[in-house]
**Q** 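My questions all concern the structure below.
Below, read A as the first sequence line, B as the second, and so on, with proteins coming before strands; counting in each chain starts at 1.
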Protein chains: 2
Amino acid sequence: MTTTNGANYKVIGTRPIRHDGIDKVVGRAVYGGDVRLPGMLYGQVLRSPHAHARIRRIDTSKAAAVPGVRAVVTADDLPAVEDKRMDLGEGVVRLKYLRDNVLASDKAVYKGQPVAGVAAVDLHIAEEALALIVVEYEVLPPVVEVRQAMKEGAPLLHETLTTKELGEDTKNKSNVASHLRHVLGDLAAGFARAAVVVEREFNTATVHQGYIEPHNATAMWSLDGQLTIWTSTQGAFAARDQVASVLDHPVSKIKVVPQEIGGGFGGKITVYLEPVAALLSRKSGHPVKLIMTRPDVFQSTGPTPGSYVRVKMGVDQSGKLVAAEAYMAFEAGGFPGAEIGAGAMCVFSCYDVPNAQVDVYDVVVNKPKSAPYRAPCAPQAAFAVEAVVDELAEKLGQDPIDFRLKNAAKEGTRRVDGVVFPRIGCVETLQALKDHPNYKIPLGPNQGRGVAIGYWFNIGFKSSVSASVNEDGTVNLVEGSTDIGGSRASIAMQFAEVLGLAAEDINPAVVDTNSIGYTDVTGGSRVTYATGWAAYEAAQDVKAQMILRAAKLWEVPADQVEFSEGSFIHKGSDKKLSFKELAAKLDDTGGPVVGKGNVKPNSGVGGSFAANIVDVELDPETGKVQVLRFTVAQDAGKAIHPSYVEGQMQGGSVQGIGWALNEEYYYTTQGEMANGSYLDYRIPTSLDLPMIDTVIVEVPNPGHPFGVRGVGEAPIVPPMAAIANAIYGATGARLNELPMRPDRVVAALQAQAAH
Amino acid sequence: MTTTNGANYKVIGTRPIRHDGIDKVVGRAVYGGDVRLPGMLYGQVLRSPHAHARIRRIDTSKAAAVPGVRAVVTADDLPAVEDKRMDLGEGVVRLKYLRDNVLASDKAVYKGQPVAGVAAVDLHIAEEALALIVVEYEVLPPVVEVRQAMKEGAPLLHETLTTKELGEDTKNKSNVASHLRHVLGDLAAGFARAAVVVEREFNTATVHQGYIEPHNATAMWSLDGQLTIWTSTQGAFAARDQVASVLDHPVSKIKVVPQEIGGGFGGKITVYLEPVAALLSRKSGHPVKLIMTRPDVFQSTGPTPGSYVRVKMGVDQSGKLVAAEAYMAFEAGGFPGAEIGAGAMCVFSCYDVPNAQVDVYDVVVNKPKSAPYRAPCAPQAAFAVEAVVDELAEKLGQDPIDFRLKNAAKEGTRRVDGVVFPRIGCVETLQALKDHPNYKIPLGPNQGRGVAIGYWFNIGFKSSVSASVNEDGTVNLVEGSTDIGGSRASIAMQFAEVLGLAAEDINPAVVDTNSIGYTDVTGGSRVTYATGWAAYEAAQDVKAQMILRAAKLWEVPADQVEFSEGSFIHKGSDKKLSFKELAAKLDDTGGPVVGKGNVKPNSGVGGSFAANIVDVELDPETGKVQVLRFTVAQDAGKAIHPSYVEGQMQGGSVQGIGWALNEEYYYTTQGEMANGSYLDYRIPTSLDLPMIDTVIVEVPNPGHPFGVRGVGEAPIVPPMAAIANAIYGATGARLNELPMRPDRVVAALQAQAAH
C-alpha cells in the first residue's frame, strides 16, 4: 500500500528490477570473500581469551618459525604516532582506541580483541601458527553491565580515560567516557503542571546487526607504499581514512576497492581486519586475505550497545504532554563511542513536549566495542518512551494512536536538542496506521495489540556521482556509495528521471576510492537522499552540456534550446532530438559528455517516522510470543523505488522483532559470550514471522529535489516497544527488559498473578 | 641530450618515477593473465591448420561430451546480424570480417584462424576436447604474397570482395580491397623539369609487434546479459564496441576492465579472444579465461603488412625535389584493412615536393589479418623513399642531411594528401642530427653510415579524465587510456603543472569503461597529446572550483581570487592559501571537488619527425650486420617526461633494427609460418644492440596547451632506411628487401662484385 503525493514522475515511484539483482540472485556478484590475487597468502587473527587483561608480553618467535608462515604482526608493528581524536563519518573516536581495537597493545578489554595476526601460504598453517604465539596475560576482573561499570570502585577499563561531563573534561578516571545533556523549557515547571506522571526503568541487551557476510579484507602493500585493500565495507573512503590513521599512511597512497556487501547495518564502517591485512602484506611482501569466522564476528566486531534507560513523562488534564525526562546509559563496549548523541536527539522527537531533559552516558564495559546498528541508540530510547507513552494513554483512557496524534511532533516543533522541525510526516504516519484495516481486526484470547512510533534523521554528508553518456544514449553512472539495500537503483532512477531515460538505461557502478570524488559511508539513511541528490546534480550537468551540443549541431544560440519531455528542442523551429538521438551525435559535436554531481546536503532537513501496529499471541504456559500481524507505516518523503522502501521497512521490522524477542549477547560473569554462533544467537527466520504489512506515506522532504527522505533506519526504532505494548495488551504485564524471552514473559505473568 | 624550448615549467620536463613503476618492476602489477574469478573455467581455441580452406562442417559433439567440458562454441553461436562497416578507432572494417576473424564461419583464410572454442574446468581437459572437434575442410590453394595476390587468376580469398577503386565500388571480384590515390600538382610536368630521377622497387616482410604478453581475455556473462570482460587491451572502449558489434549486444551491457598491458604497439586493439570468452561464458554460465600461446600470437593476431613499394623521385639542377611518385601495395592479411591511408599520408611528408602522386593498395593474402604496428604503413614507405632520397643526394654529390634539409617540409608545406603543415620540427630535427658528434666520428673498414627521416602524425580522438581532490591536497586522477609507455606519468604531470602540484601528488588510475567518459585507444601517438589535454582541462576545472571555494571561505567575490604560483590569493588583501591548505577546507565549503576534462582535439595539428644516424659494420664473409652506433633525434613538441620520450625513441629504434635486419614471417608455400616462436622469430636483444643515443628536439605543437607532440610512433619509421643506407655506405650495395638478412647481404655483395 502506498500513499502517493502526486508529482508526475515517469521513473520515480516505479519498480524496475535492480541493476545488481540477477547477479546477486544467481551468485555472480563478487563479494570480499571472492577476491583472489596472484601469490595471495591467508591470514588468521589471534584474539584475547580474556574479557579484561593486561598484556605483559607477546612472543611470536615460534609462530614465525613455522614453515609456510610468511609474517606475524602485533601492535608493535603499528607505527608510533601521536594519539588524536578523529571523525569516522558516524561518530568520533580516539586513535589509540581505534588502534587497540585493531591490535591490542597494553590491554585486552574484551574477549575476542585482536592480539596478533599471522599470514601463511594456507589457512591451516596460519591456524597452527596462531597456537604457537605465547601471550602473557595478567587477568583482571571484568565488568559487563553498564550500571555496574558506572559504580564507584568498578574495575576501570582504561587508566587514562576521564569523564567528559557536558563537554568538559573532569579529569576523573572512570568508565563513563562522556555525559551529554539536552534541556528544553522548564522541566520542573512542566512536571508541576502534570496531572498524570509515569516513570519507568528499562534495560536492553547487547545485540548484533546479524549480517550474513562475515568481515573480510584483502590487502596488497607495494614496495612504493601503495596500499590496495579489497573489502566489504559500508564506506570505502571511511575505511581508507581509518586505515590511513591507524597505519599513519597518507590517504593518497591507499586505494580501497569496495566489494559487494552481504549486509552491514552500521557494523561495517569500523575497520578491523583491513589494517592487519595491510601490515601482514607489508611484512610478507604478498597480498594477504583475512576473513572472520562467525564467532569472530559476534565477539570481535561492534554490536549495538546494551542500555539502561529511565524515562519519566507527564501529561496535563487535557492529555497534552507537558514534561519528559530521560536518563540513558549506553554500553560503548571496550572503547568509548556509543552513538549517544543520536539517542539523545531521537528519544522524544516524535512528540511536541515543551519541557524536557535528556541525560545520556557513554560507558565502557568489557564487551566488544559497539558499532552503529541501524538508527543507533534510537531503538533503546523508543523502547522506553513508547512504553511510558502507552501507559499514559491507558491511564487517560485514550486510544494509543489518538494520544500520539494529539502530541505528535510537526512542522515548527522544537526538539529537546533545540532543532525546530521543518515539514515532517509524523502525524501522517500515525494517521495512516489509524486508518489501516489491521487496526480494526478483532483479537482473540491471549492476543494483544501494541502500537509505537520511532524517528530517525538523515545524515547529509558528502556524496559524489559522475555520469558518462554512451553513444547509444545509455549512461554509465559512477558512485562511491556501497549498495546495501538497492541504492544502485534508487540513485540511477533519480538520474534517469531528470533526463527522461528509463532506469534500465543507466548502468550504476560502485567504484574504488581512486575513481570517484569523496563519498561518505552508506549509513545515516543518507544514500538515496544525498547520493541521489548528487545523481540529480550530475544529470542536470549532463543536460546543460547536451543543450550546448544541440545548439552547436543546429548552429543556434544555446538559450534557444530547451529540454522537455525527454527531448532537446529548438524553440525557434521544429528541430528536435531525443536524448538518445543527440547522444549518437556527441562524437561529432565535441566528444564525450560527462556530468558530475558533488554534494554535501544539510543533515537537518530530512528525517523519517516509522510506526507499527503489532498483534501477538502468547502461550501462557511457555511464555512464547508469536507475532500474528505486523504493520509498519513510514514516511518516505518520496519513495523512489517503492519495493526497496518496503524492503527496508520489512527488514528493519524483522530486526526489531528479533531484538524484541530473541536476540542478546548472553554473557558469563567472566565476560565470555556464551552464544556466539547463529545456532545459539537466535535471529528470526521466515518461519518465526508473519508477512510484514507496509504503508508508504509520502510527505516530501523540503530539503531534497525529489522530496526524498532516507528510510533505512527508522523502521527498526518502534518494533520493540510495539511488541512490548502488545504483550501488555495480551497479558496486562509490562515487560521492561529486552529481549522479552519466554522465561521473562512467564516470570512477568507469575509476578502479575502474585500481585 | 635535450634541446629545450624555454617555457618555465615546474613539473613538465622533469623525470619523476612513474606511478606504476615499482609495481611493474617487482611483479605486483596485475595483468590479464592474473585475473582469477570464483568458478572460473579455462578455455582453448581450435584454429585452422590450413591457410586457405572452405569449412564444410564442424562437429563438436565429441568434444562437448568430454567430462569437465562446460561449453563448446563455433561461429554458429554468434547471433545472426546484418553485415555492416564499422569504425574501430584506427581504421574501418566490415563486421563479417571482424566476426570471421573471431570465429571462422564459411572459410578459413589463414592458418591459425579460430574455428571453435572450448571451456572446461581445466586447461588440459579443454585441450583434450579441442582434439575431438571434427572440422571438414576443403583445402584451397593459398596466396601469401601481395603481388601474386593482385594478379589476374590468383586464388580469391573472399567471393564477395570487390575492389573499391578511388572510393568507388568497381564490383570486380578481386583480392584488392581498395585502391587510394593522392595527387598534388602536375607529376608529369615535375618529372619533365627533373635533372636527376631515381626509381626503385622495394619489398618488406610481414613482421610482428613482438609484445611480451600474449593476448588474454576473461569474460563473465551474467544471466541478465551484463557482460564483463577483463583483458589487456590498448582500448577498453574500442574492445567494448567491437564485442558489442560481434555479439550484437548493447554497449551499455558490456563493461571492459582493462588490465595492465605487456606491450601492444597497435596489436592489441582488435578483439580476438574477448568474444569467444564471452560466448563460452554465456553458454557455460561461468567466467571463462582464455590466453594465447606464443605461436597463437604469431599466427592468429595481427602483424604489420608485408609490402611491395615502388618509388620514383626527381630533382632539378639546384637539388630541389620537383616530383615524387609512389606505388605501394600492402598485405592486409586474410581480411581487408591495412592502414594504407596512413602510408599514403606519410610517404612523402618529410619533403616539400610540389608535384606528387601516391597510389596505395589494400590487398588480402592468406596471412593473419594485419593490425596496426607503430606508425602503421609509414616504415614500409620510408624504407623506399629514404633509399631513393639517399641515392639522389649521392648522385648530386650532396651530404645526405644537407640534401634533406634543403628539401625538408616546413610550416606551409602542402603534403600530397592536401594538408598544409602548421609549425613542425622537420628542419630542427635534421639540424640536430647534423650537429650531433656521432655524425663526425670517423669510420673504419667495412663500416658505413646511413641517415634517414620519418614522419608520423598525432591522432586526436576522444579522451576523458576526471580528478578528485583529497583532503590532503593530493588528487585522484581517473583516465581511460591504457598506459603502455608511461602515460600515467605524462598525463598526471600535465595535470600537476596546472595546479602547482608535484607529480607524486597525483594518483593516476586507468579504470573500466563504466567508470570514465569515452576514451579512444592508446594508439596514433595520441595519449600524452589528447588525454594529457583532457587532464589539463580537468585541472582547469578543479582550479575554477577551488577559486569559488576560496572566495566562499573568505567571503569575497570570486573574481577577486586568483591562482598564482601554486596558491589561491585574494587580490584585495594578503589572504593566501596553498592548494593543499585549501584542499583541507573543502569539507567546510561545500564538499568534494571533482574536475573533469573531455576532449576531442584536432588530429591534424600534431605530428612528429624522427631521424637517425646509423653506423654499421659488416662481416663480408657471413653478411652479418652489426649496428655500431644508433642516433635518433625527434621532435617531441614539448617532452613532458623526457625519460619516457627517450624510451619511446629507443624502443621504436630497436623495433626498427629488428625489422631491418632479422624479423620476418617465414612462410612455406602452403601458407604456414615456419618460425612462430621467439626462438625462431628473432627479435633483437640487448646483446644485439648498441646504446641508442637520443636527441629530443622541442618545436612546440601549436595545437596543444603545452605544445606536446605524440612521440610513440615516429621513431620506428626511419631505422630500416637508415640501416640500408649505412649498409650501402659500407658496401656500395643497396639492399631493397626487408629483412636485410646475412644471406641477402652476401648475395648483394656478390652481385656487386660480379657487376
**Q** Please flag which part of A:D587 lies under 4.5 Å from any non-hydrogen atom of chain B: side chain, backbone, both or neither.
**A**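 The answer is both parts of A:D587.
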
**Q** Specify which of A:D512, A:D34, A:L477, A:I17 makes the most heavy-atom pairs with chain B at under 4.5 Å.
**A** A:D34

**Q** So for atom CD, which belongs to A:E471, do other residues, nucleotides or ligands contribute more than 12 heavy atoms lying within a distance under 6.0 Å?
**A**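 Atom CD in A:E471 is not crowded, with 12 or fewer foreign heavy atoms closer than 6.0 Å.
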
**Q** Side-chain atoms of residues 218-230 of chain B: list all donor-acceptor pairs with protein atoms under 3.5 Å, sequence neighbours left out, distances to 0.1 Å.
**A**
unit_1: B:S222; atom_1: OG; unit_2: A:D23; atom_2: OD1; d: 2.4
unit_1: B:S222; atom_1: OG; unit_2: A:D23; atom_2: OD2; d: 3.4
unit_1: B:D224; atom_1: OD1; unit_2: B:Q226; atom_2: N; d: 3.3

**Q** Determine the option with the most heavy-atom pairs under 4.5 angstrom with chain B, choosing from A:V594, A:T519, A:V599.
**A** A:V594

**Q** Contact part of A:D20 toward chain B, heavy-atom cut-off under 4.5 Å: side chain, backbone, both or neither?
**A**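 A:D20 has no heavy atom closer than 4.5 Å to chain B.
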
**Q** Around atom NZ of B:K543, are there more than 12 heavy atoms of other residues, nucleotides or ligands at under 6.0 Å?
**A**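 Correct, the count exceeds 12.
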
**Q** For the candidates A:V26, A:V478, A:N598, A:L586, which exhibits the highest count of non-hydrogen atom pairs separated by less than 4.5 Å from chain B?
**A** A:N598

**Q** Is it the case that more than 12 heavy atoms not belonging to B:K283 sit under 6.0 Å from its NZ atom?
**A** yes

**Q** Just give me the residue among A:G473, A:G27, A:G285 that pairs up with chain B most often, heavy atom to heavy atom, under 4.5 Å.
**A**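 Counting heavy-atom pairs under 4.5 Å, the top option is A:G285.
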
**Q** If you measure from CZ on A:R36 to CE on B:M40, what distance do you get to the nearest 0.5 Å?
**A** 8.0 Å

**Q** Select one option (side chain, backbone, both, neither) describing which atoms of A:T513 are under 4.5 Å from chain B's heavy atoms.
**A** backbone

**Q** Can you measure from OG (A:S466) to CD1 (B:I516) and round to the nearest 0.5 angstrom?
**A** 7.0 Å

**Q** Is the backbone of A:P592 close enough, under 3.5 Å, to the side chain of B:K600 for a donor and an acceptor to pair up by distance?
**A**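 No, the answer is negative, given that no donor and acceptor are paired below the 3.5 Å cut-off.
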
**Q** How would you list all residue pairs meeting side chain to side chain donor-acceptor pair (under 3.5 Å) that involve residues 473-482 of chain A, not counting sequence neighbours?
**A**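 Matches after skipping sequence neighbours: A:N470-A:T474, A:N470-A:N476, A:D472-A:T474, A:N476-A:N507, A:S481-A:T531.
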
**Q** If you count heavy-atom pairs under 4.5 Å with chain A, which of B:S468, B:A244, B:S252, B:P250 comes out on top?
**A** B:S252

**Q** Sub-3.5 Å donor-acceptor pair from the side chain of A:R28 to the main-chain atoms of B:P287, do we have one?
**A**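 Side chain of A:R28 to backbone of B:P287, a donor-acceptor pair under 3.5 Å: no, none is there.
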
